[in-house]
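Working notes, beginning with the structure itself.
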Number of protein chains: 2
Amino acid sequence: MQEEIIEKKYTQAHECPITLFMEQIGGKWKPVIIWVLLLNEVMRFNELDKAIGGISQKMLSQQLKDLEKLDIVIRKVYPVIPPKVEYRLSEKGKSLEENLKMIMSWSNQNLK
Amino acid sequence: MQEEIIEKKYTQAHECPITLFMEQIGGKWKPVIIWVLLLNEVMRFNELDKAIGGISQKMLSQQLKDLEKLDIVIRKVYPVIPPKVEYRLSEKGKSLEENLKMIMSWSNQNLK
DNA sequence: CAGTATCCACAACGATACTG
DNA sequence: CAGTATCGTTGTGGATACTG
């Protein structure tokens, strides 16, 4: 099954699933957001902000929306004042764990 | 060993190895370049260009330089006219195969 | 608290033309 | 063939201020 994938040759390699992945899950913040949600299960907006560090509210909000659209993050709003919003990973989001672990491991061994 | 990684909590999550990976191997073209070199072993500049599709010479040249600096790609120049330059993956580059396969597989199952 | 809105800087990316 | 050089566009990310 995985072998089929490596055999397949796209006429244009840049249309391959890796590009798709990089476009949708890549970038500066999305992998980190997913990672802290893997570590913490449920987090509020400000908790994410502090845990990640160095991210602006605008970026955090924007990236969370993107991830919600991809069904990777689930957003739960409690209708209270002051507002309370919880973020957690969907099953799809959790299924990224092995990918991210592998990347971290490789990165630790090969990058500085 | 991998477990240690997931246990470790960075004060600032955005400094984690995933971010490092995305900064250095991420982006629009690097993963694709690595991928076609995994499929073809040795390639010349114009072959890479055609195999990838949609990339400008400038981008291809630039990204290859970056990958060379990271010791992921090896560049071999033959002093002939017209010029002949071959690109191949280093061992470090080849060690990305499992990562990329995993990403492709996940992408195929979860993204459109 | 959990965001928006606005404006701005810079880097990434691309098209085209040119060269040893 | 394998690139550079140049210029222009687009996208990404950030600072700050404001709001229900």
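The structure presented is a predicted model; accordingly, all values stated were derived computationally and were not measured. Per chain, numbering begins at 1; letters A, B, ... match sequence-line order.
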Discussion item. In this structure, how many angstroms lie between the P atom of C:dG3 and the CD1 atom of A:Ile81, rounded?
Written reply: 15 Å
Worksheet entry | Proximity to DNA chain C (any heavy atom under 4.0 Å), residues of residues 60-77 of chain A only | A:Ser61, A:Lys65, A:Arg75
Worksheet item: Would you say B:Met43 and B:Arg88 make side-chain contact, with heavy atoms under 4.5 Å?
Response: no
Discussion item. For the CD atom on A:Glu15, are there more than 12 heavy atoms of other groups (residues, nucleotides or ligands in this structure) within a distance under 6.0 Å?
Written reply: yes
Practice prompt. Write down the distance between NZ (B:Lys58) and P (C:dT16), rounded to a whole number of angstrom.
Written response: 14 Å
Worksheet entry | Check: B:Ile52 and B:Trp29 side chains under 4.5 Å, non-hydrogen atoms | yes
Item to complete: Apply the test side chain to side chain contact (heavy atoms under 4.5 Å, CB included) to residues B:Phe45 and B:Gln57: give CA-CA distance (whole Å), side-chain angles for both, the deciding distance (0.1 Å), then the verdict.
Response: CA-CA 9 Å; B:Phe45 189 85; B:Gln57 284 184 312; 4.2 Å; yes
Worksheet item: Closest nucleotide of DNA chain C for B:Gly54 versus for A:Pro83: which of these residues is on the 5' side?
Response: A:Pro83
Item to complete: Please report the C-alpha distance between A:Lys30 and A:Asp66 in whole Å, then the side-chain angles of each, then the deciding distance to 0.1 Å, and finally whether the side chain to side chain contact (heavy atoms under 4.5 Å, CB included) criterion is met.
Response: CA-CA 9 Å; A:Lys30 292 198 182 78; A:Asp66 291 349; 3.4 Å; yes
Worksheet item: Does a side-chain heavy-atom distance below 4.5 Å link B:Trp106 with B:Leu111?
Response: yes
Discussion item. Just the rounded figure in Å: distance from P of D:dT12 to CD of A:Gln24.
Written reply: 13 Å
Item to complete: For side chain to side chain contact (heavy atoms under 4.5 Å, CB included), just list the numbers for A:Lys28 and B:Met22, CA-CA rounded to whole Å, side-chain angles, deciding distance to a tenth of an Å, and then say yes or no.
Response: CA-CA 7 Å; A:Lys28 189 170 179 178; B:Met22 289 297 161; over 6 Å; no
Worksheet item: What is the distance from CG of B:Leu48 to C1' of D:dC1, rounded to the nearest Å?
Response: 13 Å
Discussion item. In whole Å, I'd like the distance from the CE atom of A:Met22 to the P atom of D:dT12.
Written reply: 15 Å
Response to the item:
Which of A:Leu89, A:Leu67, A:Ile72 passes side-chain contact (heavy atoms from CB on, under 4.5 Å) with A:Ile33? Answer is A:Leu67
Worksheet item: Is A:Lys94 salt-bridged to A:Glu97, cutoff N-O under 4.0 Å?
Response: no
Worksheet item: Can a side chain N or O of A:Tyr87 be found less than 4.0 Å away from OP1 or OP2 on C:dC1?
Response: no
Worksheet item: Does OP1 or OP2 of C:dA2 have a side-chain N or O of A:Arg44 closer than 4.0 Å?
Response: yes
Response to the item:
B:Asp49 atom CG is separated from D:dC1 atom C1', nearest whole Å, by 11 Å
Worksheet entry | Separation of atom CE in A:Met59 from atom P in C:dT6, rounded to whole Å | 16 Å
Worksheet, complete the sentence: Considering only heavy side-chain atoms of A:Asn46, the closest of D:dA2, C:dA2, C:dG14 is C:dA2
Worksheet entry | Dot-bracket notation for DNA chain C, counting Watson-Crick and G-U pairs under 3.5 Å, with | for partners on another strand | ||||||||||||||||||||
Worksheet item: What integer distance in Å separates B:Gln57:CD from D:dC7:P?
Response: 19 Å
Worksheet item: Reckon B:Tyr78 touches a base, only the sugar-phosphate, or nothing at all at heavy-atom distances under 4.0 Å?
Response: nothing
